[in-house]
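See structure below.
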Amino acid sequence: MKAIAVRPGTPNSVHLAELSKPSVSDIPGGRGVLVRVLKVGVDATDREINDALYGNAPAGYDFLVIGHECFGIVEQVGSAVRKVKPGDYVTCTVRRPGGSVYDRIGRSDITSEEVYYERGINLRHGFLTEYFVDDEEFIVRMPKGLKHLHVLAEPMSCAAKAVEQAFLAQKRLQVWEPKRAWVTGAGQIGLLSTLILRLRGIEVFTLARGRKPNLKAEIAEGFGSHYLSTAEHSLAEIAEKYGKPDLIIEATGSSAVAFEAMQVLGHNGCMVWTSITGGQKKVEVPGDNINLNWVLGNKLLVGSVNANFRHFESGIADLALGEVTWPGVIQKILTTPVQGLDNYREMMRLLVEDREALKVYVEVAEG
Ligand code: BGC
Ligand code: ZN
């Protein structure tokens with residue numbers, strides 16, 4: 001079986017590797033689900049793994065198969081599997097448990113261990129191949145009616161967790177009724193977070209560099225959000241003009257913006273950081289001012305990574321609700337298909353160079 005892989009530690013090592021086809025019996029207890037891969041999305045994480053900024057091969061391999069956003073069809077199931085059957089469309093969670101108490105209760109997304117296991121990212125092979133097998137615990141069914149949104153299930157799960165974390169954390173206030181939210185960044189996580197917040201009836205400002213008109217603005221406005229270009233207005237100006245936000249979901253991939261946004265959050269506000277910033281950039285911040293205002297304003301900063309099974313389910317439910325609320329808008333995120341695993345170089349080129357590509361994904365097979 002073909003697979004798209006990198007040699008961790010070696011920059012720009014993306015290549016085609018060979019894997020043997022897995023089987024349901026690879027998973028003990030009859031719990032195996034064999035999935036034929038149809039489509040796999042790629043994102044900045046895959047690019048940064050290919051830049052050798054992070055990522056490790058599984059034990060016994062000198063390569064790592066990449067791709068963590070999968071969509072496929074169940075081909076065969078073990079005798080104990082009840083949740084899915086052959087012919088079902090599915091996606092799959094990314095993290096696999098380590099040994100902490102959180103891992104043991106199905107919350108590997110909040111593992112307290114330094115080492116984490118992620119399919120396609122760290123110490124476990126990913127989905128950019130023809131078939132994969134996994135325990136039914138990690139397989140998430142996708143309704144046929146959402147087939148056209150395929151690889152968005154995984155990024156949607158990360159957005160779902162980020163928003164959920166804010167609401168859970170804000171229980172500290174006894175009452176929290178956010179009226180105005182900012183989403184900084186209009187990549188897939190920013191746009192999908194915009195969607196989730198709009199579905200909850202919150203006024204949303206989606207802030208990104210690009211000037212209007214552009215596709216990101218069209219999608220954000222399609223969800224009823226206000227899109228503003230940060231090339232035209234600073235965050236401070238936007239706060240001055242429209243009021244400070246109660247919630248900020250930060251998804252720019254820029255630590256400079258993450259810290260800048262700390263300066264405009266409203267009293268009792270919550271800010272969620274979602275970006276994996278792989279570089280070594282340093283930023284200078286007005287430390288006294290931030291410290292003072294965060295204390296006087298009882299503000300909260302939450303980091304949110306990955307997602308578990310429940311976030312996939314709630315994300316998929318919100319994709320369905322979003323689709324009936326603003327028909328046809330979500331799929332505009334899926335801009336840039338690449339045909340087949342053989343085109344791995346083109347896939348990486350588009351990820352690195354194509355500024356217009358909002359979402360690059362590989363069409364692995366028909367189905
Ligand atoms: C993935 C997450 C993962 C994170 C950190 C993101 O690109 O979507 O599932 O936890 O990277 O590796
Ligand atoms: Zn990702």
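Both ligands and their constituent atoms are indexed starting at 1 by order of listing. Small disclaimer: the values here were computed from a predicted structure and weren't measured.
Under 2.8 Å from the Zn ion (ligand 2) lies no N/O/S atom of D46, from backbone or side chain alike.
Checked against the Zn ion (ligand 2), the N, O or S atom of H68 at the shortest distance is NE2. Restricting D43 to its N, O or S atoms, the one at the least distance from the Zn ion (ligand 2) is OD2.
Atoms of ligand 1 lying under 4.0 Å from any heavy atom of I121, numbered from 1 in the order shown and given with element: 3 (C), 11 (O), 12 (O). Those atoms of ligand 1 that come under 4.0 Å of a heavy atom in E154, given as number and element, are 1 (C), 2 (C), 8 (O), 9 (O). Against a heavy-atom cut-off of under 4.0 Å, I276 is close to the following atoms of ligand 1: 5 (C). Remark: ligand 1 atoms within the under-4.0 Å shell around heavy atoms of H68 are 1 (C), 6 (C), 7 (O), 8 (O). Using a 4.0 Å cut-off to heavy atoms of V305, the atoms of ligand 1 that qualify are 5 (C), 10 (O).
For the pair D318 and R198, the salt-bridge criterion is not met [side-chain N within less than 4.0 Å of a carboxylate O].
Closest non-hydrogen pair, G190 versus V183, comes out as O-CG1, 3.3 Å.
Exactly one residue among V133, I139, V84 makes a side-chain contact (heavy atoms from CB on, under 4.5 Å) with V35. That residue is I139.
If you look at W182 and Y242, their ring centroids are not closer than 6.0 Å. Between F63 and H125, the gap from one ring centroid to the other is short of 6.0 Å. Ring-centre distance between H150 and Y89: not below the 6.0 Å cut-off.
A heavy-atom distance below 4.5 Å is found between the side chains of V305 and R95.
Counting heavy atoms closer than 4.0 Å to ligand 1, residue T45 contributes side-chain atoms (C-beta onward) but none from N, CA, C or O. Under 4.0 angstrom from ligand 1, the non-hydrogen atoms of D43 all belong to its side chain.
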- Query: Could you go step by step and tell me if D51 and N12 meet the side-chain hydrogen bond (donor to acceptor under 3.5 Å, both in side chains) rule?
  - Reply: CA-CA 6 Å; D51 286 343; N12 202 14; over 6 Å; no
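Residue contacts with ligand 1: Y116 is placed with no nitrogen or oxygen under 3.5 Å of a nitrogen or oxygen of the ligand (distance criterion only). For ligand 1, one of its N or O atoms has an N or O atom of E118 under 3.5 Å away.
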